[in-house]
Engineer: 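First, the structure itself, so that you have it in front of you.
All of these numbers come straight from a predicted model, not from anything done at the bench. Below, chain A is the first sequence line, B the second, and so on; all start at residue 1.
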Amino acid sequence: MARPFDVHALETKWQRRWAAEGTYEVDNDDPREHYYALCMYPYPSGSAHQGHIRNYTFGDLKVRFETMRGKAVLSPFGFDSFGLPAENAAIKARSHPRLFTEARMAELRSSVERLGAVYDWRRLVVSHDPTYMKYAQLIFLTFWRAGLAYRATAPVNWCPGCATVLANEQVLADGTCERSGDLVERRELEQWFYRITDYAEELLADLDGLAWPERVKVMQRNWIGRSSGVEFDLPLADDPSQALRVFTTRPDTGFGITYAVVAPEHPLLERLTREEQRAEVGALVARATAASEVERTATAEDGSLRKRGAFTGSFVRNPFTGAAVPVYVADYVLGSYGTGAIMAVPGEDERDYAFAQSYDLPVVRTVEPPADFAGGAWAGEGSHINSGFLDGLGIADAKAEATQFLVEHAGGRPTVNYRLRDWLISRQRFWGCPIPIVYCPTCGIVGVPIEQLPVLAPDDVTMDQTGQSPLATHPGFRDTTCPQCGGPARRETDTMDTFTDSSWYFLRFADPFTPDRPFDPIQAARWMPVDQYIGGIEHAILHLLYARFYTKALVDVGLAPGLPREPFARLFTQGMIRLNGSKMSKSKGNLIAPERYFDTVGADGLRIFHLFVGPPADDVDWTDQTEDVIEGCARFLDRIYRLATRELASREHDPARDDVVRHAVHRTIAKVTADLERWGFNTAVAALMELLNVLTRWAFADDTVHRPTYDEALDTLLALLAPMAPHLAAELWETRHPGDPSVHLQPWPIADPAWSRDPLVTMVIQIDGKVRARLDVDPGIGEDDARAGALDHPDVVRWLDGRVPARVIVRAPRTVSIVTR
RNA sequence: GCCCGGAUGGCGGAAUCGGUAGACGCGGAGGCCUCAAAAGCCUUUACUCGCAAGGGUGUGUGGGUUCGAGUCCCACUCCGGGCACCA
């Protein structure tokens, strides 16, 4: 496609100038109002893909828009540079992950710069940078000393194909590895955890105050999974001095307890199991502990809940009825939630019902289901029955009464449980930040002193796939001396989850030069919280939850006094790019590389496309027509270029033409400003296209202009275009205003209300609900004039045909509705 | 199964507060320019009846509220996403 200008030369010129002039470098003590715009820092996977382009186009638009609105905008960039893909690539090529990572960082940076996205590159933060690692390790140690980090033995997901542990989010719902497809195994390893569950309540409560997409908040609420109920004792039938402690959210159904269940890992299981049941129980436990949790909790192929269990031979007493009920062990009860044991009420719980069906256990209803209810368990509202002192009560009242009873008679205690688990941060990988701990036979677990930080991995580590941490195979790293007693000791050889790196980088951005601590809280407080965070929906839970936890914990351990407890005030999640319906990704090999468009439609053309193609939050389906749409976006820019560079003869002021132009200009200012504020980028571009149509197809179609009208129209158009197509806007502005400051330093246009209001609007006249006539009226028209104008309209007279209106509803200036019935 | 979204021309989408459905763009059709093409420009483009003037129908389906519904309410269908034995 032939362009009227040299896209490449023009865009390169401006990219160089922005970099040289440091236009978007901003100091912490800048007197203007501060605004922090941030795109989630990327994993360096090579040159940018369409998802990156989309992300940075949106972010850059905000940065330039808010800058023109007079704010000091912090726009930093960094890399989430640790991670498994680089390590795997390095193993394959017998190379070092750093080489891959740094080459790919350079590629991605170059893509981003060719897009014309502007950053304060002085503030670059990179996860594997030793200074950043030093403070990542300092934070770990500070958390540890504050009791927020601890060591415990836990089952982890281990992928035999990748020869490494996986994070929970890398395991698919069917229990296989998302990368290799292998079935994930369970291994018991001693691991480091962060006590994120201490913050469960705050993480839940603070969601209410965040300007985030509702669905992200819902996902986080579900993930945290608060449930309140009561914990109480079920005394053993053969020894009332001992009891099985259970947790329930439905104490009101207690009269319907017909059995109890313990998890396969429950500590009392051994005591409960009778000799004659030992073989059966043993078999179940063996099977349950060998399976991964994912596999264990998976549903059967027909979608039904799979229930496997075994009778222990023991009985406990229902505190409500005194009846002895059997105790089972079953894999549908999890050792890690609540007390690891439950009271089972098949009448009101579907899972208990399914189990009761399989094992022929009795079902007692304690809540009256609706007359037409034909199912098994009824979990809905109803009056209590078969429930002694609870009979006749609704669920809420019965819960209160039953709780009171359990408190008085069964060691009951109101309890809140969370689905959220502590965050396992240990990774048996090489390419991550080492955990700065030393194990000393004499002193125990010892933190590496700050003056010895950062703990860096040596370069000559073989990353063979043994399933063991690569660092453990390097004696020079592993064997050390105890910082406390000086005796021989062993280093921790696991590295930290890379989500720890992305949990505080936004704080380092605010103060990246401080040499002696992670960041100066006073400097960070100048920018925090992030005013606008932009990223993919795929981070809705993990990254955003971890970062929230870090922010709160950093305040509490004293590293960030005075900082807000929430890092991201406003969040925007962009849609995904699909190719003919399926997700575009490197692993599927269906990428459409953005690079090819830089030399044809240019960065500006590609940016306009991403802004225009649809609402930013929606997915984009890349189809056969997409190329044409991109061409259309470039055509729009070409038309602006031609208009701005066209030779036009001056003429006298012509109110009939020039006033219409002024109205269009000011209406567009109002529309674009409002649209950019509310993320309506597609309609903002459409509004500029409409303005351009007015100017080219009508106002200046005869090649003559009234200079002041033309100048205002063109300057406004370029200013409004500047955040969307920054190169072309800058170039044309410079042509029109040689020697003046760039369009990007101009104030954002302000709409004049006198002109942004149209002189005439179309009033619709309906008769019996159908549009029968239209009338152009003054927007300030009164009710009486509107009514009279409508009733006098020739089309209305014709349609009424002598009938007398029964009612006339006037909503000036939009509608007059005439009813004849 | 539960919880969120969503469904508008041939296509992407617009209609922001219950008041002109289809802005803007893509694609299509016709034309201008040209020796011809490309590029550009102009006209037209929801469906349907009609020579026209002018009608009728129309926002996933079926109901409802209203002078008036893409928008609100009820029931459902389909599509997308998240969670999925958390007691």
Engineer: Need the pair for B:C83. Rule: Watson-Crick or G-U wobble, both distances under 3.5 Å, any strand; none if unpaired.
Structural biologist: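 Check on B:C83: paired to B:G1, both distances under 3.5 Å.
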Engineer: Can you tell me, in whole Å, how much space there is between the C1' of B:C24 and that of B:A14?
Structural biologist: 8 Å
Engineer: How many whole angstroms separate atom CZ of A:R667 from atom C1' of B:C24?
Structural biologist: 14 Å
Engineer: Tell which nucleotide pairs with B:U43, taking only Watson-Crick or G-U wobble pairs whose two distances are both under 3.5 angstrom.
Structural biologist: B:A29
Engineer: Is it the case that the base of B:G5 and the side chain of A:R215 share a donor-acceptor contact (distance under 3.5 Å, atom types as modelled)?
Structural biologist: no
Engineer: Suppose we define a pair by two distances each less than 3.5 Å, Watson-Crick or G-U wobble; what does B:U16 pair with here?
Structural biologist: none
Engineer: Can you name the one residue among A:D621, A:D619, A:T623 that meets side chain to side chain donor-acceptor pair (under 3.5 Å) with A:R578?
Structural biologist: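 The single option meeting the side chain to side chain donor-acceptor pair (under 3.5 Å) with A:R578 is A:D619.
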Engineer: Looking at B:A21, which nucleotide sits across from it as a Watson-Crick or G-U wobble partner, both distances under 3.5 angstrom, or is there none?
Structural biologist: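 The answer is none; no pair meets the criterion.
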Engineer: What is the base-pairing partner of B:U71, counting Watson-Crick and G-U wobble geometry with both distances under 3.5 Å?
Structural biologist: none
Engineer: Nearest to the A:R635 side chain among B:U20, B:A87, B:G40, which nucleotide is it?
Structural biologist: B:G40
Engineer: Below 6.0 angstrom between ring centroids: does that apply to A:F355 and A:Y328?
Structural biologist: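 They qualify: ring centres under 6.0 Å apart.
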Engineer: Work out how far the C1' atom of B:G9 is from that of B:G70, and round it to whole angstrom.
Structural biologist: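 One C1' to the other, the span is 14 Å.
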Engineer: When rounded to the nearest 0.5 angstrom, what is the spacing between SG in A:C633 and CD1 in A:I608?
Structural biologist: 6.5 Å
Engineer: Classify the ring geometry of A:F247 against A:Y337: parallel below 30°, tilted from 30° to 60°, perpendicular beyond 60°.
Structural biologist: perpendicular
Engineer: Do any N or O atoms of the protein come closer than 3.5 Å to N or O atoms of nucleotides 9-13 of chain B, and which pairs are they?
Structural biologist:
from: B:G12; atom 1: O2'; to: A:V613; atom 2: O; distance (Å): 2.6
from: B:G13; atom 1: O3'; to: A:N682; atom 2: ND2; distance (Å): 3.4

Engineer: Quiz question: by atom type and distance under 3.5 Å, do the side chains of A:R639 and A:N693 form a donor-acceptor pair?
Structural biologist: yes
Engineer: Answer with yes or no after comparing the ring centroid distance for A:Y546 and A:W423 against a 6.0 Å cut-off, counting only values under it.
Structural biologist: yes
Engineer: Please report, rounded to the nearest Å, how far the P atom of B:G5 is from the CD atom of A:Q574.
Structural biologist: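 Between P of B:G5 and CD of A:Q574: 21 Å.
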Engineer: Taking any heavy-atom pair under 4.0 Å as a contact, classify A:R774: base, sugar-phosphate, or nothing.
Structural biologist: base
Engineer: Find out whether the Lys NZ or Arg CZ of A:R419 is both under 6.0 angstrom from the six-membered ring centre of A:W223 and within 45° of the ring's axis.
Structural biologist: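 Pair A:R419/A:W223 counts as cation-pi.
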Engineer: Let me spell it out: for each of A:N222 and A:C633, pick the nucleotide of RNA chain B with the closest heavy atom. Which residue's pick is nearer the 5' end?
Structural biologist: A:N222
Engineer: Looking only at side-chain N and O atoms, does A:R807 come under 4.0 Å of OP1 or OP2 in B:C67?
Structural biologist: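 Yes, because at least one side-chain N or O of A:R807 sits under 4.0 Å from OP1 or OP2 of B:C67.
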Engineer: Can you tell me, in whole Å, how much space there is between the P of B:A84 and that of B:A21?
Structural biologist: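 That atom pair is separated by 46 Å.
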Engineer: Starting at atom CG of A:L420, determine the distance to atom P of B:C83, rounded to an integer number of angstrom.
Structural biologist: 14 Å
Engineer: Could you identify the nucleotide paired to B:G58, looking across every strand shown and requiring Watson-Crick or G-U wobble geometry with both distances under 3.5 Å?
Structural biologist: none
Engineer: Using the C1' atom as the reference point in each nucleotide, state the distance between B:U65 and B:C72 in Å, no decimals.
Structural biologist: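 Nearest-Å result for B:U65 against B:C72 at atom C1': 8 Å.
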Engineer: Side chain of A:M689: nearest nucleotide among B:C83, B:A87, B:G25?
Structural biologist: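 The listed nucleotide nearest to A:M689's side chain is B:G25.
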Engineer: Mind calculating the distance between CG (A:L234) and C1' (B:A87) to the nearest angstrom?
Structural biologist: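 Taking atom C1' of B:A87 as the reference, CG of A:L234 is at 13 Å.
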Engineer: Please report, rounded to the nearest Å, how far the P atom of B:G27 is from the CD atom of A:E631.
Structural biologist: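 The distance from CD of A:E631 to P of B:G27 comes to 9 Å, rounded to the nearest Å.
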Engineer: Go ahead and name the base partner of B:A38; Watson-Crick or wobble counts if both distances stay under 3.5 Å, otherwise write none.
Structural biologist: none
Engineer: Rounded to whole angstroms, how far apart are CG on A:L545 and C1' on B:G82?
Structural biologist: 15 Å
Engineer: Using the P atom on both, measure B:A29 against B:G22 and round to a whole Å.
Structural biologist: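 Per the computed distance, 24 Å lies between those P atoms.
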Engineer: Just call it for A:N693: base, sugar-phosphate, or nothing, with non-hydrogen atoms closer than 4.0 Å on any strand.
Structural biologist: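 Sugar-phosphate contact only - A:N693 comes under 4.0 Å of backbone atoms but never of a base.
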Engineer: A:A687 or A:T815: which one's nearest nucleotide on RNA chain B is closer to the 5' end?
Structural biologist: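 Closest to the 5' end, via its nearest nucleotide, is A:T815.
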Engineer: Picking from B:G19, B:G27, B:A87, which would you name as closest to the side chain of A:I809?
Structural biologist: B:G19
Engineer: Tell me the interatomic distance from A:D702, atom CG, to B:C42, atom C1', rounded to whole angstroms.
Structural biologist: 16 Å
Engineer: Is the distance from OP1 or OP2 of B:A39 to the nearest side-chain N or O of A:R3 less than 4.0 Å?
Structural biologist: no
Engineer: I'd like a table of atom pairs between the protein and nucleotides 52-56 of chain B - only N or O on both sides, under 3.5 Å - with the distance next to each one.
Structural biologist:
from: B:G55; atom 1: OP1; to: A:R798; atom 2: NH2; distance (Å): 3.4
from: B:G55; atom 1: OP1; to: A:W799; atom 2: NE1; distance (Å): 3.2
from: B:G56; atom 1: OP1; to: A:R772; atom 2: NH1; distance (Å): 3.2
from: B:G56; atom 1: OP1; to: A:R772; atom 2: NH2; distance (Å): 3.1
from: B:G56; atom 1: OP2; to: A:R772; atom 2: NH1; distance (Å): 3.4

Engineer: Just how far, in rounded Å, is P of B:C24 from CE of A:M724?
Structural biologist: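 Distance, rounded to whole Å: 17 Å.
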Engineer: Which donor-acceptor pairs under 3.5 Å do the side chains of residues 766-773 of chain A make with protein atoms, sequence neighbours left out?
Structural biologist:
from: A:D768; atom 1: OD1; to: A:T820; atom 2: N; distance (Å): 2.9
from: A:D768; atom 1: OD1; to: A:T820; atom 2: OG1; distance (Å): 3.4
from: A:D768; atom 1: OD2; to: A:T820; atom 2: OG1; distance (Å): 2.7

Engineer: Should the pair A:F681 and A:W679 be assigned to parallel (<30°), tilted (30 to 60°) or perpendicular (>60°) ring geometry?
Structural biologist: tilted
Engineer: Under 4.0 Å between a side-chain N/O of A:R639 and OP1 or OP2 of B:C41, yes or no?
Structural biologist: yes
Engineer: Are A:R3 and A:D599 within salt-bridge range, i.e. N to O under 4.0 Å?
Structural biologist: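 No, this pair does not count.
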Engineer: Using atom C1' of each nucleotide, how far apart are B:U20 and B:G10 to the nearest Å?
Structural biologist: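 Each nucleotide's C1' atom is 24 Å from the other's.
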Engineer: If you measure from the Lys or Arg side-chain nitrogens to the Asp or Glu carboxylate oxygens, is any gap between A:R787 and A:D784 under 4.0 Å?
Structural biologist: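 Between A:D784 and A:R787 there is a salt bridge, with a charged N closer than 4.0 Å to a carboxylate O.
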Engineer: Taking any heavy-atom pair under 4.0 Å as a contact, classify A:G632: base, sugar-phosphate, or nothing.
Structural biologist: sugar-phosphate
Engineer: In Watson-Crick or G-U wobble terms, both distances under 3.5 Å, what is the partner of B:C78?
Structural biologist: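 B:C78 is paired with B:G6.
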Engineer: Just checking A:R642: base, sugar-phosphate only, or nothing, at a heavy-atom cut-off of under 4.0 Å?
Structural biologist: sugar-phosphate
Engineer: Between B:C11 and B:U59, how far is it from one P atom to the other, in whole Å?
Structural biologist: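 Roughly 16 Å separates the two P atoms.
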Engineer: If I pick the C1' atom on B:G13 and the same atom on B:A7, what distance separates them, to the nearest angstrom?
Structural biologist: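 Comparing C1' positions in B:A7 and B:G13 gives a spacing of 13 Å.
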Engineer: Checking all strands, does A:Q766 fall into the base, sugar-phosphate, or nothing category for heavy-atom contacts under 4.0 angstrom?
Structural biologist: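 Touches a base.
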Engineer: Under a plain distance cut-off of 3.5 Å, with no hydrogens placed, do A:R678 and A:T683 share a side-chain donor-acceptor pair?
Structural biologist: yes
Engineer: Kindly point out which of B:C26, B:A23, B:A87 is positioned nearest to the side chain of A:T249?
Structural biologist: B:A87
Engineer: Of the non-hydrogen atoms in A:A751 and A:S756, which two are nearest, and what is the gap between them?
Structural biologist: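 Where A:A751 meets A:S756 most closely, the heavy atoms are CB-CB, 4.4 Å.
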Engineer: Students often get this wrong, so: under 4.0 angstrom with heavy atoms, is A:T762 touching a base, only sugar-phosphate, or nothing?
Structural biologist: base
Engineer: Looking at A:R697, does any N or O in its side chain come under 4.0 Å of the phosphate oxygens OP1/OP2 on B:C42?
Structural biologist: yes
